[in-house]
Amino acid sequence: MFEPVRGKPDFPAVEKAIADAWRVDGTYAKSLERRRGAKRFVFYEGPPTANGMPHPGHCLTRAIKDLYPRYRTMRGEYCERKAGWDTHGLPVEVEVCKELGIHSKAEIEAFGIEPFIHKCQQSVWRYMREWEALTERMGFWIDLSAAYVTYHRSFVESVWWALGELFDRGLLYEGHKIVWWWAQGGTALSSGEVGQGYKEVADPSVYVAFPLVDDAGRPTARSLVAWTTTPWTLPSNQFAAVHPDLTYVVLRETCSPGAVPADRVAAEFIVAESLVAAFTEKLKTSFDVVETCQGATLVGRSYLPPFDTFRPAGAPTTAPLLAGGADAIAWRVVAADFVTTDSGTGIVHVAPAFGEVDYGVLVAEQARFAAGSGPGLLNCVAPDGTFTDVFPMGSGRFVKECDRDISRDLRGRGLLVHQEQYVHDYPFCWRADSDPLIQYPRKSWFIRTSQFRAQMLANNERIDWLPEHIKQGRFGNFLETNVDWALSRERYWGTPLPIWRCETTGRTEAVRSFDALLAKPGVSGADAFDRAHAADPTLSPDLRVHKPYIDAVTYDSPFAAGSRMRRVTEVIDCWFDSGAMPFAQWGWPHAGHAEFAAQFPADFISEAIDQTRGWFYSQLAISTLLFGPGASPALPAGAAPPAADYPHPFKTCIVLGHMLGEDGQKMSKSRRNYKEPAAIFDAYGADALRWFFFATQPPWTTIRYSERAIRESVPEFLLRLWNVYSFLVIYARIDGFDPASFLADPGTLDHADLARARGWRPVAERGELDRWMLSELADATAVMVDRLDAYDHFAAAQRLSALVDAVSNWFVRRSRDRFWAAGRADGGPDTDPAKLEAYWTLYETLLTLTRLAAPFVPFVTEELWRNLATVPFGDRVPTSVHLTDYPMARADLVDGDLVRRMALVREIASLGRAARANARLKVRQPLAKVEVIVADARADDVRWLEAHADLVCDELNVKQFEICREPDRYIARVVLPDLKKLGPRLGKDLPRARDALAKADAVALLTALQQHGRAEVPLAGGGVAVVERDDVLVRTTAKPGWTAAESPLAVVVVASELTADLVAEGLVREVVHAVQTQRKALDLEFTDRIELAFATDSADLRAALEAHRDYVAAETLAVRATVAAGAGDGESVDIDGHPLTISIRTVG
RNA sequence: GCGCGCGUAGCUCAGUUGGUUAGAGCGCCACCCUGAUAAGGUGGAGGUCCCAAGUUCGAAUCUUGGCGCGCGCACCA
């Protein structure tokens, strides 16, 4: 028999008990064990960084990541869930720096790389307990004990293999990258960090003359005018760029004859034509246009840079071009598409060292020249942000501080055409906000991803993205504009780049594993870690492959005898770690061959939208490069490459929206605009939070996280489900309904299993309400499976919610009299078959519902399963709902007609109540009659309705139900045009046709359409519109003066006249209600019998009670009911204005 | 600035290929029902469908241009 249920559930307490039981029982492991050998459902955990507290956004991700593996497991698939942790990267270093109170790389090095790394490794786990606790508390089933960790040696070595592979295929190369550089701290900043530090500042804005030169290199009187807001980059000028398609003009200042300005060398300026007006305005003078030309004609002209920092005197230095001929290597006009006329002069000063676009110009120019003869990178700024001796004017001073001197110098030489202040946003260091960042070239290692653009796009094409627009939108666009992956980081805590360089020749090679390194000739330094470990045995052996120990390992150079190979100093971008996890989580290809073969690619992954350029990209890029078509990776013995078929490494990806705080702003700790997940769990439970995530919005919308919304999502589903369950248990205990006493061999309590129960009646033989309930159940099951297979849990959750509503507000309510009937449901001689049937139906429905809901709300469903299945049946049934199979719809139980008709009855009942409310007739007051006008119903539905008059009467507390045969008494009909049909045909005549239809005699029109199939409607202003039967819609409206309610399906009219008998019945119902209230107040058991004594001065009420004495007694479980005149003992109540005292005595 | 997404009731969101009076849930108010009920029912109040222009017989829906929010890429000579 079921255990008693407490009426007011304490979900958090239930969940804790369930979680404990799972832990003790090893339920997760069992759920896997059951499916061993089955078809795999491959899931990858995108590794969270355990370097901060988990927040509600992480809960959403983890809820989604839990739902589908649970579902698929119940569907019979084998889904391993290996946890993972992202442990490398700048955020970890920053965290440690904060702790140490230091900032810059110099300070880290002063502290010591070795102890710094140790601190990083320890710091990573700082919040791990929190993460693990959250994971368990949420019911996120994942194997934390087998988690992969990106700093572990096996993971690092997998990454090394991947990088070695790329290196050997020539896909890993060294180049320059223009980075945002914090000169004072000596470090590059990530784009995220740069984004945090923008400030609006006023910088000098200078217009500088670049005089064109003649063949001998002498300046002419004609100058290009370039514009810049960073004067300090002018000494490193290398090119001037124009747009080839723009029109440029040569201007000569209009001045009084003979008065040539003395302070200007150039008398003629070249600027873009469209900027002449702005330019003239700035200079507050006037110009004559001397000449007009296309930008293309300027290309190739040489000019004099503003400083002779790098330019030798004399004619321009030229070098041979690959295409033949020769060209000046620098200080030449080039064509560039990025030149715009939004501001400036249409002529761009190009200093490749200090701008990414500028650097692109240099790279393009270098490609035109024979190798080695083209332009090099000109740079007179040191990494600390000061000018080098190459530019004596600023030597040793921070570049930005030299802007003023540079301007002054230019003015002195007559090259400064104009100067002003320019207000714009400029990035500063987020840690030291007075330090401006500068763009600066750094050596960097790159992966040649841009060469694989087409393959990555082809791979992307095959991925199922949810929402769909990610594929062609955000992600597709990102791939289209792919640039090579800047892999290296000049930092400390990360996977070391496994490249060793010859001291002498500078030649490099990649190492694919630590053993391969040890096998190198003349290797030394591998003992550095051993010594450290001997000194501190707590040191993790995983640090062996990290800085600084790995840097100590050197070996003989194969490129130059007697020379040593040393590792390059960089570590790599930690996104590469995360993207390598599909194989690196197994240590593949050095180990884990079987695991990798079975777990690639993933069927399903999910993260928030910010991972588009993060984990989604890193995975796709690495997988495409390593395993795409044409790649034949060199593998250790035993390892086999995966199939190259797209998509890989993941097939379906749900991209989650971001979660905002209570105020609709970004969640932020400092703003305190969200509740900690733990507080939500304690107050409402994990299932409440999960249901909120699943059922309140599609997962890719931006979610407003609000405690109120979570709280409010509880009653509509969890509580309602619990109430139904509680109802079943309460009455089953009273009536002795113990399913185990009917069923020796319960199997998994599926429909077919229950059918073996003693006294089971096939569904087809059961009452209509039961057949309807099981039909709804089967339909919901079909919808759920269909939606979940399509990764549409939002729709599935909504269907589930509707099902619970159907059970609670229709099946249980309509079945109450069966549950409350006198007989028992224990299979004994007193058993009432109708009651037993109701139990079986409700029991089956709840069991199935529990399994349907299990992946969504694993705790509550487990509790239901426990009491409904394992308590009665013990170990004859699965010990956990998560060890059952997901229900599959029984098409044979779906009765579409019944479902449609029951919906119609529910609609009529609802309309009837609305009609009563309109007339202020409460439901306890019986009424004589209800009439229903059904719109467009099928004849057999109407017959069915008439056969269910009792049901409607009962719901509405009326004596008689009738389908109205003369609807025109109550309703008016309006004929409306079906705009979708008539619109295209009538076009501009439509408004007139609509008016004509509205004015026409609806009955006559409908009759005509019925008989002839068509009718002609005269239009105002002439002409007629031909209307056919299907071109119109008929709307029925209750005529004024009737107590009625309407919907598109029906109009329900309630007869509102009251007779004396009806009034008496109403009074009696009121009395019954009053008695029930008393019973409740006296805390009587549902089964307690009572004696009733009524006393009232009202003769009407006495008469009513005497007339319906048996009814009152039956309804209130009274063995006796007496009615006396006058005032009696007991509770005094008012029955519609009649005084009454009720005295209740329990008997037995 | 560029790209992607979003903008509908106090809140969270639906709104099919353009179509008739823009819906639901929650919240609020009123009434009702209640022998599972922190539940349920009925009604009410609550909307410039972000703004503007255009296309169309007809626009929340399509087009264009703005505005606001989020994210990403840049911040630019």
Side-chain angles (χ1 to χ4, degrees), chain A residues 5 7-9 191 194-195 198 226-230 233 240-241 336 338-340 342-345 347-351 354-358 424-427 467 469-470 473-478 481 608-610 612-613 657-658 660 664-666 696-698 700-704 706 708-709 712-716 719-720 722-731 801 805 808-809 812-813 816 819-820 909-910 913-918 920 922-924 976-983 986-994 1033 1035 1045 1073 1076-1077 1079-1080 1084-1087 1115-1117:
Chain A
V5 178
K8 292 178 184 176
S191 67
V194 175
Y198 276 91
W227 176 67
T228 180
T229 55
T230 50
T233 62
F338 60 77
V339 176
T340 66
D342 297 340
S343 55
T345 59
I347 298 172
V348 173
H349 146 65
V350 178
F354 308 113
E356 215 171 330
V357 179
D358 306 51
H424 63 159
D425 289 332
Y426 194 86
H469 62 73
I470 300 284
R474 190 176 285 232
F475 197 69
N477 288 347
F478 179 62
T481 58
I609 184 131
D610 54 24
T612 318
R613 287 106 207 276
H658 267 135
L660 304 177
Q665 302 289 108
K666 256 172 102 155
T696 46
Q697 62 272 300
W700 40 81
T701 53
T702 305
I703 298 171
R704 177 96 69 101
S706 102
R708 205 185 61 146
E712 287 168 357
S713 76
V714 174
E716 69 163 16
L719 200 53
R720 232 190 273 183
W722 186 272
N723 287 336
V724 174
Y725 153 72
S726 159
F727 178 93
L728 171 72
V729 171
I730 287 169
Y731 288 99
S801 203
D805 178 70
S808 175
N809 290 324
V812 169
R813 197 154 61 80
R816 273 182 182 154
F819 287 110
W820 296 339
S910 169
R913 277 190 291 268
R916 292 188 73 115
N918 283 341
R920 306 216 160 272
K922 54 188 172 183
V923 180
R924 267 200 296 266
L976 295 170
D978 186 338
L979 297 176
K980 278 190 184 178
K981 296 212 174 80
L982 285 175
L986 297 180
K988 284 191 198 301
D989 289 337
L990 192 75
R992 285 189 295 152
R994 179 164 47 192
L1033 304 169
R1035 168 164 300 188
H1073 177 227
Q1076 306 291 30
T1077 310
R1079 282 190 64 119
K1080 209 170 180 179
L1084 300 188
E1085 288 300 315
F1086 303 142
T1087 49
E1115 286 294 304
T1116 59
L1117 292 186

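Chain A is the first sequence line, chain B the second, and so forth, proteins listed ahead of strands; every chain is numbered from 1. Please read these numbers as outputs of a predicted model, since none were measured by experiment.
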Check A:Ala240 against A:Ile347 and note the closest heavy-atom contact, atom names and distance.
CB-CG2, 4.2 Å
Can you tell me, in whole Å, how much space there is between the P of B:U16 and that of B:G54?
25 Å
Contact class for A:Pro467 (heavy atom, under 4.0 Å): base, sugar-phosphate, or nothing?
nothing
Specify the separation, in whole Å, of atom CG of A:Asn809 and atom P of B:C33.
17 Å
B:C67 and B:U48, which share atom name C1', separated by this distance in whole Å
15 Å
Rounding to the closest angstrom, what is the interatomic distance between B:G46 and B:A38 at atom C1'?
26 Å
P gap between B:G3 and B:G66, integer Å:
10 Å
From B:C13, B:C71, B:G40, nucleotide with atom closest to A:Pro698 side chain
B:C13
Side chain of A:Val348 only, heavy atoms from C-beta on: which candidate in B:A77, B:A39, B:C71 is closest?
B:A77
Just how far, in rounded Å, is C1' of B:G40 from CG of A:Asn723?
10 Å
Answer with base, sugar-phosphate or nothing: what part of the nucleic acid does A:Ser808 contact at a heavy-atom distance below 4.0 Å?
base
Of all residues at least two apart in sequence or in a different chain, which pass the ring pair (Phe, Tyr, Trp, His ring centres under 6.0 Å) check with A:Phe478?
A:Tyr617
Interatomic distance, A:Ile730 CD1 vs B:A39 C1' [rounded to whole Å]
13 Å
Which nucleotide, if any, forms a Watson-Crick or G-U wobble pair with B:C76, using both distances under 3.5 Å?
none
Are any side-chain N or O atoms of A:Glu1115 and backbone N or O atoms of A:Gln1076, one a donor and one an acceptor, separated by less than 3.5 Å?
no
To the nearest Å, give me how far apart CG (A:Leu719) and P (B:G25) are.
18 Å
Over how many whole Å does the gap from A:Trp820 atom CH2 to B:U37 atom P extend?
10 Å
Protein-nucleotide distance (A:Asn477, atom CG; B:C4, atom P), rounded to Å
6 Å
Can you tell me if A:Arg813 touches the phosphate of B:G40, counting only side-chain N or O atoms and a distance under 4.0 Å to OP1 or OP2?
no
Base-contact (B) and sugar-phosphate-only (S) positions in nucleotides 5-10 of chain B, heavy-atom cut-off under 4.0 Å, - elsewhere:
S----B
Sugar-phosphate, base or nothing in reach of A:Arg816, heavy atoms under 4.0 Å:
base
How is A:Val714 classified with respect to the nucleic acid when contacts are heavy atoms under 4.0 Å: base, sugar-phosphate, or nothing?
nothing
B:A9 and B:U56: how far apart are their C1' atoms, nearest whole angstrom?
29 Å
A:Trp227 side chain: which of B:A77, B:A38, B:U12 is closest?
B:A77
Same-atom distance (C1') from B:U42 to B:G47, integer angstrom
23 Å
Roughly how far apart, to the nearest Å, are B:U8 and B:U12 at atom C1'?
12 Å
Mind checking what makes side-chain hydrogen bond (donor to acceptor under 3.5 Å, both in side chains) contact with A:Trp227, not counting sequence neighbours?
A:Ser205
Residues in side-chain hydrogen bond (donor to acceptor under 3.5 Å, both in side chains) contact with A:Asn477, at least two apart in sequence or another chain
none
With A:Arg613 via salt bridge (charged side-chain N to carboxylate O under 4.0 Å, His left out) - residues at least two apart:
none
Could you tell me how far apart A:Asp805 (CG) and B:A24 (P) are, to the nearest whole angstrom?
15 Å
A:Asp358 or A:His1073, whichever maps to the more 5' nucleotide of RNA chain B:
A:His1073
Euclidean distance for C1', B:G58 against B:C76 (whole angstrom):
47 Å
When both distances are under 3.5 Å in a Watson-Crick or G-U wobble arrangement, the nucleotide paired with B:G44 is B:C28
So what does A:Thr228 hit on the nucleic acid, given a heavy-atom distance under 4.0 Å: a base, only sugar-phosphate, or nothing?
sugar-phosphate
Need one value for A:Thr1116: base, sugar-phosphate or nothing, where a base atom within 4.0 Å counts as base even if backbone is also close, heavy atoms only.
base
To the nearest 0.5 angstrom, please state how far the CH2 atom of A:Trp700 sits from the CD1 atom of A:Ile609.
12.0 Å
Quick check: closest heavy atoms across A:Thr345 and A:Ala226, and the distance to 0.1 Å?
OG1-CA, 3.8 Å
Applying the 3.5 Å cut-off to both distances, the Watson-Crick or G-U partner of B:G5 turns out to be B:C69
With a 4.0 Å cut-off on heavy atoms, is A:Val729 in touch with a base, just the backbone sugar-phosphate, or nothing at all?
nothing
Among the nucleotides B:U42, B:U12, B:A38, whichever has the atom closest to the side chain of A:Thr696 is B:U12
Who are the side-chain contact (heavy atoms from CB on, under 4.5 Å) partners of A:Asp805, not counting sequence neighbours?
A:Arg720, A:Asn809, A:Arg906
For B:U56, the Watson-Crick or wobble counterpart (both distances under 3.5 Å):
none
Compare the minimum distances between each of B:C71, B:A77, B:C13 and the side chain of A:Ile609, then state the nucleotide with the smallest one.
B:C71
For the side chain of A:Thr230, starting at C-beta, report the closest nucleotide among B:A77, B:U12, B:C73.
B:A77
If I take atom CZ in residue A:Arg613 and atom C1' in nucleotide B:C4, what distance separates them, rounded to the nearest angstrom?
8 Å
